[in-house]
Amino acid sequence: MYQLISLISAWAIPVMITFIPLYAFTRKVPVYESFVEGAKDGFGTAIAIIPHLVGMLVAISVFRASGALDFLMGFISPALRGFGVPPEVLPLGLLRPLTGTGSLAYTTDLIRVHGPDSLIGMIASTIQGSTDTTLYVLTVYFGAVGVRNGRYALKVGLFSDVIGFVAAIAVCLLLFG
Amino acid sequence: MINGIWLGMIIIGFLFAAVNGRIDEFTAAVFDGAKSGVTVSFGLISVLVFWLGIMRIAEDAGLLKKIAKILGPIVSFLFPDVPKGHPAIGYILSNMSANLLGLGNAATPMGIKAMQELQKLNPDKETATPAMCTLLALNTASITLIPATLIAIRLNYNSADPAGIVGTTLAATAVATLAAIAADRFFRRLTLLRKPPKPPSAKSGSAPLSKTPLPNSSLKG
């Protein structure tokens, strides 16, 4: 099953990039002109995201560098230790929704120190792989269309992060604990 | 909420930096953060330009409408406000399948394109529609079949079974996605109920209004 899925993953992009223009050509679409016309929007969209991303990443960066994030992580770790959860993975729960590169670096470090097949390595890999960086996704998607009031999207994103975090730990404890 | 979080992170950061004697790090972090914001955006240029080009071909060929028509019913219960066969559905489906296959490079441009299509349906351009919130919910939970990056890292550190996390990841991501959809539904209902009753009208009951709910209100929160 895993082999099949990764085979599909590897082939998906090349096949799409070949098939879409080919199909369009049979429909008499001027494929190259069409491509260029659509691609034009890409630059402006990326540029429109800059202010949103700069603002958000500055706040996160400051929050981390000041030691506030470390303090918060030290604060919640002992609280959850009672459940048989290795305390090393708990900071990931805070880091994951805020910064993709930060949590990936932290996960990689846990894997390096404790080994990829240790319980800590498994939990960290599962947490890192099972969700996306909520704040980044929100910033980029809303930034790209200029929406300022995201309504309840942030609440929903953070809620599902918490649930995903708990589920990742529970599944790993169940299977490998 | 986003204003509070943003301001909160900066103020708390400042206080901690002051107490911990990390004021120099604070300043450095400001410009580091700004720099990575620009770097990440610039990194998006290449994928956005390329994928938006490819997707335009797909749109011009009628491929997106076709996909929306065939697979539309699958997502229409998640996006009840989007008209059937609207191109947004095609982009939403492309975004979801790219996420599913772990093709992050393709998922973001298609998601952004879906947002732009949804924005065309939006009466209030500065406030998110319920459909946008649902799309974001799906993307923040990001249901993935193959966590490719992590398998590569585990391989790097000589894991005996690099793909051993596929099952656990799938379980966790499925739970997170279901939670996101449920929460999205809950808040969507809540905002519909909280909709301001017609200006002076006496009965603020929900019955008469609920038949044709506006997809949007400019209510903050």
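Naming convention: chains lettered A, B, ... in sequence-line order (proteins, then strands); numbering from 1 in each chain.
For B:F42, the part lying under 4.5 angstrom from a heavy atom of chain A is the side chain only. Residue A:I47 touches chain B through its side chain alone, counting heavy-atom pairs closer than 4.5 Å. With a threshold of 4.5 angstrom between heavy atoms, B:I5 approaches chain A through side-chain atoms but not through N, CA, C or O. Only the backbone of B:N158 comes within less than 4.5 Å of a heavy atom of chain A; no side-chain atom from C-beta onward does. Using a 4.5 Å cut-off between heavy atoms, B:N95 contacts chain A through its side chain alone, with no backbone atom that close. Interface residue A:L175: only side-chain heavy atoms are found under 4.5 Å from chain B. Contacts of A:V36 with chain B are absent, with no heavy-atom separation under 4.5 Å from either backbone or side chain. Looking at B:E25, both its backbone and its side chain come within 4.5 Å of chain A, counting heavy atoms on both sides. Contacts between A:T107 and chain B at a heavy-atom distance below 4.5 Å involve the side chain alone, from C-beta outward. For B:K120, no part lies under 4.5 angstrom from a heavy atom of chain A. For B:N139, the parts sitting under 4.5 Å from any heavy atom of chain A are the backbone and the side chain alike. Proximity to chain B (any heavy atom under 4.5 Å) is shown, for A:I169, by neither the backbone nor the side chain. With a threshold of 4.5 angstrom between heavy atoms, B:L150 approaches chain A through side-chain atoms but not through N, CA, C or O. For B:T108, the parts lying near chain A are the backbone and the side chain together; criterion is any non-hydrogen pair under 4.5 Å. At a 4.5 Å heavy-atom cutoff, the contact between A:A12 and chain B is made by side-chain atoms alone.
To the nearest 0.5 Å, atoms CD1 (B:I57) and CG (B:L63) are separated by 10.5 Å. A distance of 13.5 Å separates CZ of B:F187 from CG of B:L192, quoted to the nearest 0.5 Å.
Of the listed residues (A:F25, A:F19, A:F159, A:Y32), the greatest number of heavy-atom pairs within a distance under 4.5 Å of chain B belongs to A:F159. Of the listed residues (A:V140, A:V137, A:V62, A:V29), the greatest number of heavy-atom pairs within a distance under 4.5 Å of chain B belongs to A:V62. Per-residue counts of heavy-atom pairs under 4.5 Å with chain B were compared for A:G67, A:S125, A:A144; the largest is that of A:S125. The greatest number of non-hydrogen atom pairs below 4.5 Å with chain A, out of B:S46, B:G21, B:A17, is found for B:A17. Highest contact tally toward chain A, considering only B:A172, B:G53, B:A176, is held by B:G53 [criterion: heavy-atom pairs under 4.5 Å]. By number of non-hydrogen pairs under 4.5 angstrom with chain A, the leading residue of B:N156, B:I112, B:I10 is B:I112. Between chain B and the options A:Y136, A:Y141, A:F63, the largest number of non-hydrogen pairs under 4.5 Å is found for A:Y141. Taking B:A58, B:A114, B:P147, B:A179 one by one and counting their heavy-atom pairs under 4.5 Å with chain A, the maximum is reached by B:A179. Contact count versus chain B (heavy atoms, under 4.5 Å) is highest, among A:D117, A:V171, A:T134, for A:D117. Of the listed residues (A:G150, A:A153, A:A68, A:G129), the one with the most heavy-atom contacts under 4.5 Å to chain B is A:A68. Note on B:S36, B:A141, B:A137, B:G167: by heavy-atom pairs under 4.5 Å with chain A, the leading option is B:A141. Ranked by non-hydrogen atom pairs under 4.5 Å with chain A, the options B:T39, B:T173, B:V47 are led by B:T173.
Applying the salt bridge (charged side-chain N to carboxylate O under 4.0 Å, His left out) test to residues at least two apart or on different chains, the pairs with a partner in residues 41-55 of chain A are A:D41-B:R56.
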### Message
A:V156 vs B:T134, test: side chain to side chain contact (heavy atoms under 4.5 Å, CB included). Steps then yes/no.
### Response
CA-CA 9 Å; A:V156 170; B:T134 308; over 6 Å; no
### Task
Test side chain to side chain contact (heavy atoms under 4.5 Å, CB included) on A:L90 and A:F165 and set out the steps.
CA-CA 9 Å; A:L90 296 175; A:F165 179 70; 3.9 Å; yes
### Check against side chain to side chain contact (heavy atoms under 4.5 Å, CB included), A:Y152 and B:L190
CA-CA 10 Å; A:Y152 48 83; B:L190 207 66; over 6 Å; no
### Message
For a side chain to side chain contact (heavy atoms under 4.5 Å, CB included) check, start with the C-alpha distance between B:F79 and B:L135, then their side-chain angles and the critical distance, and finish with the verdict.
### Response
CA-CA 9 Å; B:F79 298 91; B:L135 182 67; 4.1 Å; yes
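Heavy-atom contacts from other residues, nucleotides or ligands closer than 6.0 Å to NZ of B:K125 number more than 12.
Under 3.5 Å, the side chains of B:Y91 and B:Q116 contain no donor-acceptor pair of N or O atoms. Side-chain atoms of A:T131 and A:R96 include no donor-acceptor pair closer than 3.5 Å.
Counting heavy atoms from C-beta on, the side chains of B:L145 and B:L170 come closer than 4.5 Å. Counting only heavy atoms from C-beta outward, the side chains of A:M56 and B:M9 approach each other to under 4.5 Å.
Here B:D81 pairs with B:R188 in a salt bridge; the nearest charged N to carboxylate O distance falls below 4.0 Å. Looking at B:D32 and B:K35, no side-chain N of the basic residue comes within less than 4.0 Å of a carboxylate O on the acidic one, giving no salt bridge. In this structure, B:D161 does not pair ionically with B:R154, as no charged nitrogen and carboxylate oxygen lie closer than 4.0 Å.
In plain terms, the two heavy atoms of A:V58 and B:V30 that are nearest each other are CG2-O, 3.3 Å.
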